[in-house]
Each structure stands twice: as C-alpha cells, then as structure tokens.
**Q** 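Mind looking over this structure? Questions follow.
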Amino acid sequence: MLSQRFNSLFGFTLLLLLAGGQFAAGQDKRPESPTAEVAAWETPAIVLSKLQAAHESDSSTFVVQEELDCLIRKGGGGACASAAGIDLLQALRLMSGLEQLPNPHKVLLSSFADQHELLNGRVTNEQFVRLMDFYEQHLENADVNVELQTAPDSPYAVDGTVWPIAVGPDLSVAPRQQKVVSYTVTKSDGDVLGRHFVLLKEQKKNEIIVVDPSKPIKDRRYILEFKSGDKGDCEKVFLLNPTGTPTRTHVYEINTVFTASFSRKSESVELNPNAPITIEHINAEIDATADLLREGDDFLNPRVWRQKTASFGLPGLDLPVEYGGSGWPATKMLEVFKHAGTHNLNFRDIVGGAHVRPLLKSKEPVVLEIVRQVASGNAYIAIAITEPDVGSNVSGIKSISRKVDGGYELTGAKRFNARLEQASHVIVFTQGTTGKKGKLNVFVMPIDTPGLVIESLAAHGLTGNSYGGLKFENLFVPESHRIGADGEGLRIFFEHFLYWRLMQTAAALGTGENALQQMADRLKTREAFGGPIGRFTHLQQPIGQHTTELKMAHALAKVAAELIDRGDYTNARPLICGLKAEGVEIALNTVDAATRAFGGEGYSNRVDLGDRLRDLNGLRIADGTTDVMRMEVVRQTFGEEFWEMAVEVKQ
Ligand SMILES: Cc1cc2nc3c(=O)[nH]c(=O)nc-3n(C[C@H](O)[C@H](O)[C@H](O)COP(=O)(O)OP(=O)(O)OC[C@H]3O[C@@H](n4cnc5c(N)ncnc54)[C@H](O)[C@@H]3O)c2cc1C
C-alpha cells in the first residue's frame, strides 16, 4: 500500500499512536480484530448493498444529497461532501458491528453545529477529515482513521498526500475500510464546477462501482482513464461513462481518495467473534454461506446449513441465551427469514430453532439438552401432526397415547410430514389420555427410536427436506419426553404455529421479492419484436402490483411480530393467519408472473422460478392451508359462529 497518512491537525485519534505504527506505508492496513478471519459483512460491497436495500425500504438509511442542498450557502455548490460523510459513517457502523444509525439526519445536523464551515460548501480535505473525526463518537467502540491521496495538481492537496505518480491512486477495496472518491467536475469550456464525493463500492480492473449520495439506491459505474502529465504516467485519472451509456459533456477527474478505517479501542470489551450482532451481519453471513454451498450437493441440505452457520449463531438466533441461543425477538427474526427466502424458499428451514421451540415448554434437562443441540447446529427437529386421514382438523387426529408405568405408549400413523429423513428428533402429536376433545398430547423422541417406522413419499417442491410419514404401535416414550402438561397439546400447537406461520410468510415474501428482481432484470434485457419486452406495459403492471402487495404484507408482518414479542397471541392470531394465507398467495402470484415473463426459459432449469412456484404451492398447504387460514380470520374477526356453521355443525 503506497498511500501516505494525512497527519490530522484536529486531535483526531490516530491508530499510529495506539498501535505502534502498524499502519505505516507498506504494511497490512487491517485493524486488529477478535477474529482472524474477515467476515463477509465487513466488506464495502456487502455493507453498501445492505444499506442500499435498507434505504429502498425506509428512505432514511442514507442522507440523500438533495435533502441538504438547500442548506448550503449560495455559490457553495452542493452538499455532496456532507451527504457522503454521513453515508460513510453508516457504512463504518455496519462494518464495525453496530446497527445502522436510526436517525442519520439528526447526526448530520449536529455536524453542522460542530463545523459551520460545512454549510459554505466547497468542503476541503481537512474539513472532510475533521467531519469524520466528529463522527467517531458514533462508532462507540472504535477509533477512526482517515488517510488520503490527492492528485499531484490538486488545490486541496495537503503536504505529503500526493498519490504515487507511477501507479496512480489506490482504488482497491478491502474489508473494514471504506473509501470515498472525490472528483472534480469541469465543464467542456474549462469552467470548474466543483468537487463531487462518492463512496467506493467495488473495483474491477479499470472500472469502479460507486454509491453516489445524490442517488444512493443505484450503483454507478465508471471506467478509469489514466493520463500521463509532466510529472508521470498516472498523474491524472478520469472517470468515463461505460460504453453504451450516454456520453456527458462534463469532465470528471479524480481529485482525492479518502480511506476511512477503524479499529476497536484497546480498552473496549472483547467481542465474542461468533455473536450475531445485527440483522445485516446475519444476512450477509447467509449470503456468504449460500455462495460457499451453491455449487455443491448440500446447497439445500438443512443439516449442513445448520452445522455451517452455527459459527455465527443462525440456528439458535431465536432460542434463549441460556440454551446457547441469542434470544432474538420476532421483529428481527422476520427480516432474517425474509432474507433467507430471497435465496430459496427451502431456507425457511435453516433459520433459528424452528420446530425445537415447543420444547421450551419442558423443564426436563434431557429435553432442554435437545434445544442446546439445535442451537449449536447439531440437532434438527421434525414435527408430525398430520395423519393419513386428518390434517386441517388438528384436534381430530387419531393417534393415541396410553399412560403406562414411567411413561406412555403411542399408537398411530402420520403422513405428509416434512424433514423426517433429515431430523435428529421428531415431535409427535397424539390424543391425550382423557379422550376429551381438543386435549392433545405432545412428545419428543429421537428419530431413530426403535419402533418408529418412517414412510417416504416424493414431493413436488421444497426438496431440501424429505416428505413422508411415520408408523408406531405401542411405542414406549418416557414421561420426561412429554412436552407441556397432559392434554395441553393444542395450546402448544397454536402458540408455536403462530410464530412459525409468520416466519414462513416472511420467507415466502423474500422469495417473491427475488422473483420480482429477476423479472425486472429480464424485462430490461430480453428483446422481442425489435425491442425490450419491458415496453409491453402489461408486463410492467404485475411488477408494480406485486411490489406493493409484498411491501404491504411485510408491513403487516412487522405489526404481527411486535404482538408476538409482547406475548399478545390473541390479537396476533387473526393477523398471522391472514398473513399466512395472503402473504403466500401474493408470493405465489408474483413468482407465477415472473415465470411467465421469462417465456420458455422460465419453464427451464436455467432459472429457479419453476422450483419456487412448486415450493410455494407446498407452502400454501403446509402449516395450515390458505382456505383454513382465511376461515380463521373470519372466525377470529367476526365471531366463532362462522367456524361453527362451517365445521362444527350442531345436529
Ligand atoms: C410441503 C408440506 C410440508 C408439510 N409438512 C408437515 C409437517 O412437517 N408436519 C405435519 O404434521 N404436516 C405437514 N404437512 C401437512 C399439512 O399441514 C397438511 O397437509 C395441511 O394441514 C392440510 O391437511 P390435509 O392434507 O389433511 O388436507 P385436508 O384437511 O384434507 O384439506 C383438503 C382441502 O380441504 C380444505 N379444507 C379443509 N378444512 C377446511 C375448512 N375448515 N375450511 C375451508 N377449507 C377447508 C383444505 O384447504 C384443502 O384444500 C405438510 C404439507 C406440505 C404440503
């Protein structure tokens, strides 16, 4: 690394002082970390993509330049430096393990109070560095360091910061550091308009991808053009528009490259490198794991996923801390399930404890040990309720449990149950011992319990897990393995499945989102009858419709998650049953529209849309069919008599 340190005059904490010069020229620039490995979420490309996605949904993750331009003194140009500064802070926060700032606008306004000169515009390099010095307080556990490289003829150059003229500025990207590129904009008549500031996201050969604070959602690409001058080969570096995009009259010439990095304060509490920190981190780790497994045979294998992702806490994310989990609330889990669903609906089964959660009703150490095993990625639970003759009418199941010395004997059959061939344990629902209607029992047992016979079926979708059934006759299960009180099964079912249905809906919404992105990309690139098929507005219409439907379902899901987190299952029930019905149907319609927009390719394995259609067809049945969920909404909202008149007809 050939860049030179900008020697801050502003009392800025310099790592050089703390770390005995470990960042001197030519040495590794990465700050020390509790973990030797660099996590996926620490790279600019991942972090900026996460922030862009967040901004797309909340419009307030970044501060957009035009929101500030009116504050800048007349003649001072735009507010791009201030906007880039706060957006840079957001990126550094994510890289350093913090959540994004909930109120970046407020923090930015405080920087104007600290440094009035920013309101004059035409921000100098010293002012930009001082801005980052001021923002350091928002990085809590970290010290910030900013280095800069300037063009040889830059009027903003500070002593000793000119880039090496033989090679030009260092535009490489690295984990745990974020670069900001400032370029001079000059009109064709030579009139200099000023400098613009952008965040560097990626560098590929002679091309850079940046996030521009004036339009932060979309990436911008520039081709680098190096020009020699009196002083050397790479004295000047210009940013050209890629071929195929309109040429512009203004000239963009790189003026300064700022490199902001951070290190954790030496006195800070040591972070657990495996502890999940933010939704963005977890989602980035999911992305990295998907990249790792994509080409192999285990891409859809839930056991492999659970083993691989235990290092960052994914299987225990929603399990209590005392059992090795992270105790995340439903409001956060929702976002992780949705993100997992954008990859593949099969990933509905890789996030959190899943069907181990009912076991938390037990006080038996032997049962709670299973929860620990799930949190550590070493166990996986199937749940068997549905039977050959009974599905929707859960309280009507025919399997029975009979009390015997030290436990129970179970007899019955289950069918259309997922995960039995992958699971380490299975939860089995039976009638209770009293024979009273609706008084069910719940048991957990190892899947290889002698006397438990697995039946295999072939399923059309959700193929990451098996599909089949169970048979058992006078199967002994110790008392310790009953979950909840004798007869409490239906209550356990409803509580668990409200949470589970909500998370399944979130995964389906993610699947729908991904299909829409594929569809939008296809509409831009596929040509028919002499132009892009996107000009057919009937193909655009479903994108508009389903985008909003997915967002509406997501917004409602957040409300339902808050109710779950408050323990308000009564009010959550109609919302979640409705979401399970409509959320999955919306996702299904979305994927269907996307598949059709792909024409023949949509029907092939060149895209995954056909598989996702089949997955969603499975999910509209699994965990409560759309019909039954809608009946639940009516029953819960307009009165029990609707349920009674439909399914419990009085003789
Ligand atoms: C992919 C997949 C995974 C599954 N995983 C599991 C699992 O892990 N464990 C498990 O126990 N089960 C599992 N199931 C089974 C699933 O829960 C049941 O299939 C579902 O609850 C419906 O029951 P059924 O198949 O008996 O259908 P039925 O109850 O026979 O329903 C047949 C039809 O009648 C409609 N219907 C029934 N009752 C009503 C009503 N009151 N109002 C309106 N319409 C009604 C249904 O909507 C459906 O269209 C899974 C199913 C699928 C497809």
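All values derive from a computational prediction rather than experimental measurement. As the structure lists them, so they are numbered: ligands from 1, and atoms in each ligand from 1. All residue numbers in this chain count up from 1 along the given sequence.
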**Q** If you count the atoms of ligand 1 from 1 in the order shown, which ones are under 4.0 Å from a heavy atom of A418?
**A**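 Every atom of ligand 1 under 4.0 Å from some heavy atom of A418: 5 (N), 6 (C), 7 (C), 8 (O).
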**Q** Pull out every atom of ligand 1 sitting under 4.0 Å from any heavy atom of G391, numbered as shown with elements.
**A**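 Within the 4.0 Å cut-off of G391, ligand 1 contributes 23 (O), 24 (P), 26 (O).
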**Q** State whether a side-chain donor-acceptor pair under 3.5 Å links N617 with R620.
**A**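 There is such a pair between these side chains.
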**Q** List every atom of ligand 1 that sits less than 4.0 Å from any heavy atom of R419, numbering the atoms from 1 in the order shown and giving each element.
**A**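 Close to R419: 8 (O).
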**Q** Without hydrogens or angle criteria, can the side chains of E285 and T309 be said to hold a donor-acceptor pair below 3.5 Å?
**A**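 No, no side-chain donor-acceptor pair sits under 3.5 Å.
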**Q** Without hydrogens or angle criteria, can the side chains of E585 and N589 be said to hold a donor-acceptor pair below 3.5 Å?
**A**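 N589 and E585 do not have a side-chain donor-acceptor pair below 3.5 Å.
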**Q** Can you report which non-hydrogen protein atom sits closest to atom 6 (C) of ligand 1, along with the distance?
**A**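 Here the closest protein heavy atom is F416 O, 3.2 Å.
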**Q** Pick one of side chain, backbone, both or neither for how V647 approaches ligand 1, counting any non-hydrogen atom pair under 4.0 Å.
**A**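 For V647, only side-chain atoms sit under 4.0 Å from ligand 1.
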**Q** So is there a nitrogen or oxygen of R415 less than 3.5 Å from a nitrogen or oxygen in ligand 1?
**A**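 No, no N or O pair falls under 3.5 Å.
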**Q** Quick one: does G618 get an N or O within less than 3.5 Å of an N or O on ligand 1?
**A**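 N/O-N/O distance under 3.5 Å: no.
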**Q** Sequence neighbours excluded, which residues qualify as ring pair (Phe, Tyr, Trp, His ring centres under 6.0 Å) partners of Y467?
**A**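 Per chain and number, Y467 pairs via ring pair (Phe, Tyr, Trp, His ring centres under 6.0 Å) with no residue.
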**Q** Give the residue, atom name and distance (to 0.1 Å) of the protein heavy atom nearest atom 18 (C) of ligand 1.
**A**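 The closest heavy atom on the protein side is T386 OG1, 3.8 Å.
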**Q** Between Y569 and F494, is the ring centroid distance below 6.0 Å?
**A**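 That pair fails the under 6.0 Å test.
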**Q** What atoms of ligand 1 come within less than 4.0 Å of a heavy atom belonging to Y467?
**A**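 This gives 2 (C), 3 (C), 51 (C), 52 (C), 53 (C) as the contact atoms.
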**Q** Between H339 and E280, is there a side-chain donor-acceptor contact under 3.5 Å, judged purely by atom types and distance?
**A**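 Not at all, the side chains of E280 and H339 share no donor-acceptor pair under 3.5 Å.
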**Q** Using distance alone, with no hydrogens and no angle criterion, decide if Y380 and R306 have a side-chain donor and acceptor under 3.5 Å apart.
**A**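 No - no donor-acceptor pair under 3.5 Å links their side chains.
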**Q** For D389, enumerate each residue passing the side-chain contact (heavy atoms from CB on, under 4.5 Å) test, keeping only those at least two apart in sequence or located in another chain.
**A**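 So D389 forms a side-chain contact (heavy atoms from CB on, under 4.5 Å) with K398.
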**Q** Parallel, tilted or perpendicular: which fits the ring planes of H355 and H496, with parallel below 30° and perpendicular above 60°?
**A**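 Geometry flag for H496 against H355: perpendicular rings.
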**Q** Considering heavy atoms of the protein only, find what lies nearest to atom 19 (O) of ligand 1 and give residue, atom and distance to 0.1 Å.
**A**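 Checked against all protein heavy atoms, atom 19 (O) of ligand 1 sits closest to I621 CG2, 3.5 Å.
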**Q** Verify the contact flag for atom 16 (C) of ligand 1, where contact means a protein heavy atom under 4.0 Å away.
**A**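 So atom 16 (C) of ligand 1 has protein heavy-atom neighbours under 4.0 Å.
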**Q** Can E549 and H546 be counted as having a side-chain donor-acceptor contact under 3.5 angstrom?
**A**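 Looking only at side-chain atoms, H546 and E549 do form a donor-acceptor pair, the distance falling under 3.5 Å.
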**Q** Evaluate the 4.0 Å heavy atom contact test for atom 25 (O) of ligand 1: does a protein atom fall under the cut-off?
**A**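 When distances to the protein are checked, atom 25 (O) of ligand 1 has no heavy atom within 4.0 Å.
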**Q** Which of the atoms of ligand 1 are close to D623, meaning less than 4.0 Å from one of its heavy atoms?
**A**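 With D623 as reference, the close atoms of ligand 1 come out as 17 (O).
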**Q** Which residue owns the protein heavy atom closest to atom 42 (N) of ligand 1, what's the atom, and how far is it?
**A**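 Among all protein heavy atoms, the one nearest atom 42 (N) of ligand 1 is M631 CG, 3.3 Å.
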**Q** Provide the number and element of each atom of ligand 1 under 4.0 Å from a heavy atom of A384.
**A**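 Those atoms are 11 (O).
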**Q** Please list the nearest protein heavy atom to atom 36 (N) of ligand 1 with its residue and the distance rounded to 0.1 Å.
**A**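 Minimum-distance protein heavy atom for atom 36 (N) of ligand 1 reads V628 CG2, 4.1 Å.
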**Q** Among R635, R501, E495, which residue meets the side-chain contact (heavy atoms from CB on, under 4.5 Å) test with R573?
**A**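 Single side-chain contact (heavy atoms from CB on, under 4.5 Å) partner of R573 among R635, R501, E495: R635.
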**Q** Strictly inside 4.0 angstrom of atom 11 (O) of ligand 1, do you find any protein heavy atom?
**A**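 Yes, because at least one protein heavy atom sits under 4.0 Å from atom 11 (O) of ligand 1.
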**Q** Tell me, which protein residue and heavy-atom name are nearest atom 34 (O) of ligand 1, and how many Å apart are they?
**A**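 Result: D627 OD2, 4.8 Å.
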**Q** Determine the sole option in Q100, E335, K338 for which the side-chain contact (heavy atoms from CB on, under 4.5 Å) test with I279 is passed.
**A**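 Result for side-chain contact (heavy atoms from CB on, under 4.5 Å) with I279: E335.
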**Q** With the threshold set at 4.0 Å, does a side-chain nitrogen-carboxylate oxygen contact exist between R294 and D291?
**A**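 Between D291 and R294 there is a salt bridge, with a charged N closer than 4.0 Å to a carboxylate O.
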**Q** Using heavy-atom distances, let me know which of A622, S392, A423 sits nearest atom 3 (C) of ligand 1.
**A**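 Among A622, S392, A423, the closest heavy atom to atom 3 (C) of ligand 1 comes from A622.
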**Q** In the protein, what heavy atom is nearest to atom 9 (N) of ligand 1, and what distance, to one decimal place, separates them?
**A**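 Its nearest protein heavy-atom neighbour is I383 O, 2.7 Å.
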**Q** Quick one: does A646 get within less than 4.0 Å of ligand 1, heavy atoms only?
**A**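 Flag not set, A646 not near ligand 1.
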**Q** Checking contacts here: is it the side chain or the backbone of A459 that comes within 4.0 Å of ligand 1, counting heavy atoms only? Could be both or neither.
**A**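 Neither part.
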